[in-house]
Amino acid sequence: MHLSVVGSGYVGTTIAACFADLGHHVVNIDIDQETVDVINTGEAPIHEDGLPELLKKHAGSNSTNRLRATTDYAELLDTDATFLCLPTPQNDDGSIDLSIMEAGAEQLGETLAEKNDWHTVVVKSTVVPGSTEDEITPILERESNKTTGEDFGVGMNPEFLREGTAVHDFLDPDKIVLGADDDRALADMHEVFDPLVERTQAPVVETNTRTAEMIKYANNSFLAAKVSLINDIGNICKELGVDAYEVADAIGLDDRIGAQFLRSGLGWGGSCFPKDTAAIRAAARQHDYEPFMLDAATEVNDEQPKRLLSFMDKHVDVTNKRVAVLGLAFKPGTDDVRNSRAIPVIEGLQQRGAEIAAYDPIAAENMGEHFPDIQYAESPAAALDGASAALIVTDWEEITSLDEEFDAMATPVVIDGRRAIDRRDGIVYEGLTW
Ligand SMILES: NC(=O)c1ccc[n+]([C@@H]2O[C@H](COP(=O)([O-])OP(=O)(O)OC[C@H]3O[C@@H](n4cnc5c(N)ncnc54)[C@H](O)[C@@H]3O)[C@@H](O)[C@H]2O)c1
Ligand SMILES: O=c1ccn([C@@H]2O[C@H](COP(=O)(O)OP(=O)(O)O[C@H]3O[C@H](CO)[C@@H](O)[C@H](O)[C@H]3O)[C@@H](O)[C@H]2O)c(=O)[nH]1
């Protein structure tokens, strides 16, 4: 098939490259010329394992030429279906901000006015239930002067990939959810995913757009709440002198609980869990329902960085002292710092008047946009040298393998937010939940 993907971010670039790998011809549209140029040279605009290889294979010179990036929406006219992968950030009150989606839908609708054949538009972004039907479709109809179900179809296909393992997750999914309110759009979506389903036998869930939208929020809410529950249990374990990781390993053997997402510590960050739980809570409240469980999950999550800092305070007063912050990305394997737990940790250190030496293998540049005035060290050892405390925020492999580097600290106080290193003689060690 000939496909267009609007948005060349973490999701858009990944799925564009993966669709090309499945044999489709893909045009990836973004407003950012620099991003477009990078993709067209066969390189990745973001850090994502496996993505450079796919872009080299399908874009740029000596490639299959099945993938090309552009800033020109008109190029989607030669495609059968368009996937919208635009950001859906949050407003100050936590509710979803659909303005970028609306702008994209306007540009898409204006372009579709010029198309004489059927076209299917698929919303890939995470949007609250009703957005596709009540907000995006009317814009497409208005701008194209066409009717959904007659001239074009609309579908909703939520994405479950994780950053850091995005290519693998997309090409080997646990499930594929196809939400559509008309049969032709559903048939087109099936045709897009048939090569993947044949290859992986992934279960396909067929539903309407509203339910597809909710499945995405339920998925993320459940996982975020699972991490908060194990953090709550972990905090209790620590107070009672029990190792939360031993407990998690044991309860994870129960199939009804499952072993994944039971790593207690600093909690969840990233571009999805915080904003998606906020958006669905805000949507619930707009309908006069108080989402007690998700409110509590958020509260537990907000408390974990404060607990980390309070453990540090027990051992050392860091005013005017050097503190090493090890790890800045919201998790290993990505350069993304959106809503990273490192942000409240650094803010807490700034309030205490500490001199901050931060280290991350790839996310320092992105964190520099949030905190231009802190020191970014070239290595974990350089960050630790002369520090009065070390706070472990992200469990990158080069952080979990640290050992004698802690010996160069002024006072070897190590507060571990991710169970990254082992207790040993010669360091004062506090785990967040163990
Ligand atoms: N990041 C993830 O792991 C992930 C996973 C699943 C779902 N999602 C959802 O997917 C959506 C996209 O997320 P993301 O992380 O890929 O976003 P992103 O911020 O990484 O990328 C968005 C891209 O859209 C481009 N853009 C903005 N306005 C545009 C316009 N009018 N026309 C064309 N391009 C435009 C930007 O330049 C940027 O390159 C969000 O709804 C998110 O919740 C994200
Ligand atoms: O046991 C665990 C598992 C995760 N986390 C934290 O939870 C956050 C999110 O992790 P993860 O889910 O691996 O990363 P994301 O890339 O944000 O992926 C989530 O958000 C995406 C965007 O919606 C979805 O597509 C994915 O299915 C969903 O897992 C990170 O800060 C992790 O450190 C823990 O603290 N403990």
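Counting convention: from 1, in listed order, for ligands and their atoms alike. Side-chain atoms are counted along with the backbone in the values below, which use heavy atoms only and exclude waters and symmetry mates.
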| field | Val121 backbone acceptor or donor facing Thr82 side chain under 3.5 Å | value | no

| request: Considering only NZ, NE, NH1 and NH2 on the basic side and carboxylate oxygens on the acidic side, decide whether Asp395 and Arg419 come within less than 4.0 Å. | output: no

| query | With a 4.0 Å cut-off, would you call Arg285 and Asp295 a salt bridge? | reply | yes

Show me the donor-acceptor pairs, under 3.5 Å and distance only, between side chains in residues 99-112 and residues at least two apart or in other chains.
unit_1	atom_1	unit_2	atom_2	d
Ser99	OG	Asp97	OD1	2.7
Thr111	OG1	Gln107	O	2.6

Pair up each side-chain donor or acceptor in residues 259-272 with any protein partner under 3.5 Å, not counting sequence neighbours, and list the distances.
unit_1	atom_1	unit_2	atom_2	d
Arg263	NH2	Arg418	O	3.2
Ser264	OG	Thr433	OG1	2.6
Trp268	NE1	Ala224	O	3.0
Trp268	NE1	Ser228	OG	3.1
Ser271	OG	Glu163	OE2	3.3

| So, Phe83 versus Phe19, ring centres under 6.0 angstrom or not? | yes

| Per-ligand residue contacts, ligand 2, heavy-atom threshold under 4.0 Å | Glu159, Phe160, Leu161, Arg162, Glu163, Lys216, Asn220, Val227, Phe261, Leu262, Arg263, Gly267, Trp268, Gly269, Cys272, Phe273, Asp276, Phe330, Lys331, Arg418

| query | For the side chain of Lys115 and the backbone of Leu76, is there at least one donor-acceptor N/O pair under 3.5 Å apart? | reply | no

| message | Show me, by chain and number, every protein residue that has a heavy-atom distance under 4.0 Å to ligand 1. | response | Val6, Gly7, Ser8, Gly9, Tyr10, Val11, Ile29, Asp30, Ile31, Tyr73, Cys85, Leu86, Pro87, Thr88, Ile100, Gln107, Ser125, Thr126, Glu159, Leu161, Glu163, Lys216, Ser271, Cys272, Lys275, Arg338

| field | Pairwise side-chain contact, Leu384 with Leu326, heavy-atom cut-off 4.5 Å (strictly under) | value | yes

| Is the number of heavy atoms from other residues, nucleotides or ligands within 6.0 Å of CD (Glu398) greater than 12? | yes

